[in-house]
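Input: a single structure, listed below in structure tokens.
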Amino acid sequence: MADQREPRLSHRERVVIAIGLVVLAFNLRPAAVSVGPVLDDIRKSLSIGPAVAGVVTTLPVLCFAAFGALAPWCARRFGAHRVMLASLALLAAGIAVRADAGDAAVFILATIPALAGMATANVLLPSLVKQHFPHRVGTMTGVYTTSLAIGLTAASTATVPIAGLTGSWRGGLLAWAFTAAIAAVPWFGLLRHDVHPDLGPQRSIPGRALARSSLAWSMAVFFGMQSLQAYAVFGWLPQVYRDAGFSAETAGLLLGVTTATTIPLSFLLPSLAARVRSQAPMILALCSSYVLGYLGLLLSPTTLPWLWALLIGVGSGIFPLVLGIISLRARTSDGTAALSGFTQSIGYLIAAGGPFMIGAVYGATGGWTVPLLVLIALLLPQAVAGVLVSRERYVEDELAR
């Protein structure tokens with residue numbers, strides 16, 4: 001990528017780039033999380049069985065792992081801004097076709113390109129922040145992760161009402177194709193930044209090279225364990241509350257509390273992380289918040305249900321924090337893209353089995369005691385990996401040794 005050949009940008013150009021990053025980030029979760037709220041309606045409409053429904057709910061994590069690994073190469077070959085525009089086009093088209101699907105096969109096949117676009121953009125966002133805002137990495141990471149959290153919360157809470165207004169689950173899904181199409185507009189004006197998309201092997205960092213970096217592996221484990229926690233929460237927290245005696249509506253609202261809590265944290269944590277020498281105290285505090293929330297659910301889920309949801313939401317703030325740390329552990333935008341691709345592809349593979357594992361333990365034990373204890377135990381490797389990546393070092397320095 002062209003961070004060293006990038007001309008000095010005017011204030012207006014930086015504003016356009018910032019807008020492009022924000023509207024893009026808003027669309028990096030709806031394609032994945034909008035299916036869950038209307039999954040029962042989709043299953044009935046398309047005659048989808050439980051096994052296929054399991055594939056649908058696991059596709060986001062698998063696509064994040066598979067397509068995220070290709071993102072750095074695509075950026076070097078074609079230019080990051082072109083890839084971002086193509087990602088939004090794939091995202092909008094995939095969601096639109098999926099919303100019009102007449103059977104399960106078309107629904108799944110249309111979901112794959114949508115998630116591919118989302119995964120690619122997800123990996124390249126930190127490198128574009130590093131390229132265009134090298135001295136404001138924390139602030140800009142906070143801005144775009146806040147937008148991402150707002151998009152996630154909007155898709156979680158608004159898909160069902162939109163489906164109700166349009167009379168079908170199809171309208172609830174199609175709405176997010178329109179937001180992705182609108183987000184593509186600023187990126188047409190940013191294509192000129194890809195004048196020299198491929199700067200040659202001397203600056204390129206192939207993904208396989210990251211395999212000999214202890215920092216990259218620590219980042220991957222840290223990212224993977226926090227993703228495992230997040231997807232387990234998104235998939236099972238409402239059921240925990242329903243089994244405790246709450247209605248489906250209340251359980252959904254409590255999940256909304258968890259996701260909405262990450263919005264202010266997404267703005268604050270990356271910026272704070274960039275200002276401190278070590279992020280270890282922040283990481284340990286967020287892991288502790290998870291523990292308190294899980295213990296609350298374990299010991300007395302009906303006493304202070306909103307507090308437990310809030311504490312788990314605070315723990316989920318590790319996601320925007322880890323995105324900020326990715327940018328802080330590389331010296332260049334190319335290094336950031338390579339580290340981001342390795343971290344997220346390996347990390348999502350680690351996370352892929354999380355929701356299934358928790359569901360299997362829940363089914364085997366008939367309750368939530370053991371699954372919640374498992375989630376608490378899995379916070380230990382997350383905390384250890386988090387402390388390891390909090391040390392001030394750079395992936396390019398490790399690869400140069």
Side-chain angles (χ1 to χ4, degrees), residues 19-48 52-53 55-64 66-68 70-71 74 78 81-125 144 147-148 150-191 234:
I19 291 173
L21 294 174
V22 168
V23 295
L24 172 70
F26 179 89
N27 288 278
L28 291 186
R29 288 300 178 271
V33 302
S34 61
V35 173
V38 292
L39 182 58
D40 191 51
D41 293 333
I42 295 171
R43 287 182 58 190
K44 292 175 182 176
S45 176
L46 302 181
S47 300
I48 294 177
V52 178
V55 172
V56 170
T57 56
T58 310
L59 268 178
V61 184
L62 296 177
C63 286
F64 277 9
F67 294 104
L70 298 175
C74 290
F78 303 106
H81 304 82
R82 292 185 184 122
V83 173
M84 287 300 206
L85 180 58
S87 296
L88 284 167
L90 278 174
L91 184 58
I95 294 174
V97 173
R98 182 175 71 175
D100 193 47
D103 56 56
V106 174
F107 187 91
I108 291 175
L109 289 175
T111 297
I112 292 173
L115 294 175
M118 193 167 68
T120 304
N122 205 56
V123 166
L124 294 181
L125 258 176
Y144 88 71
S147 181
L148 191 153
I150 292 172
L152 185 153
T153 302
S156 300
T157 57
T159 299
V160 171
I162 293 172
L165 289 173
T166 59
S168 171
W169 60 267
R170 299 180 186 276
L173 298 188
L174 185 60
W176 308 111
F178 288 113
T179 62
I182 293 170
V185 174
W187 290 92
F188 284 98
L190 298 176
L191 296 181
F234 294 152

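Between F26 and I182, the closest side-chain pair of non-hydrogen atoms is not below 4.5 Å. Between M84 and L125, the closest side-chain pair of non-hydrogen atoms falls below 4.5 Å. L190 is not listed as a side-chain neighbour of L85, based on a closest heavy-atom distance of 4.5 Å or more.
Rounding to the nearest 0.5 angstrom, the gap separating the OG atom in S147 from the CG atom in L21 is 9.5 Å. Remark: T120 OG1 to L91 CG distance equals 10.5 Å, nearest 0.5 Å.
Listed by chain and residue number, V15, V23, P186 satisfy the side-chain contact (heavy atoms from CB on, under 4.5 Å) test with I19 (two or more places apart in sequence, or in another chain). The side chain to side chain donor-acceptor pair (under 3.5 Å) search around T179 returns N27, not counting sequence neighbours. P113 meets the side-chain contact (heavy atoms from CB on, under 4.5 Å) test with L90; sequence neighbours excluded. For W187, there are no side chain to side chain donor-acceptor pair (under 3.5 Å) partners, not counting sequence neighbours. Remark: L62 pairs with T58, A352 by the side-chain contact (heavy atoms from CB on, under 4.5 Å) rule, at least two apart or across chains. Taking Y144 as the reference, nothing meets the ring pair (Phe, Tyr, Trp, His ring centres under 6.0 Å) condition, with sequence neighbours excluded. Judged as a side-chain contact (heavy atoms from CB on, under 4.5 Å), and not counting sequence neighbours, the contacts of A99 are L173, L174.
Between the side chain of S45 and the backbone N or O of D41 there is no donor-acceptor pair closer than 3.5 Å.
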Would you be so kind as to tabulate the donor-acceptor pairs closer than 3.5 Å made by side chains of residues 31-38, with sequence neighbours excluded?
{"unit_1": "S34", "atom_1": "OG", "unit_2": "P30", "atom_2": "O", "d": "2.6"}

Identify every side-chain donor-acceptor pair in residues 100-112 under 3.5 Å, counting partners at least two apart or on other chains, and give the distances.
{"unit_1": "D103", "atom_1": "OD1", "unit_2": "A105", "atom_2": "N", "d": "3.1"}
{"unit_1": "D103", "atom_1": "OD1", "unit_2": "V106", "atom_2": "N", "d": "2.9"}
{"unit_1": "T111", "atom_1": "OG1", "unit_2": "F107", "atom_2": "O", "d": "2.7"}

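Applying the side chain to side chain donor-acceptor pair (under 3.5 Å) definition to pairs two or more places apart or across chains, those involving residues 154-163 are T159-W176.
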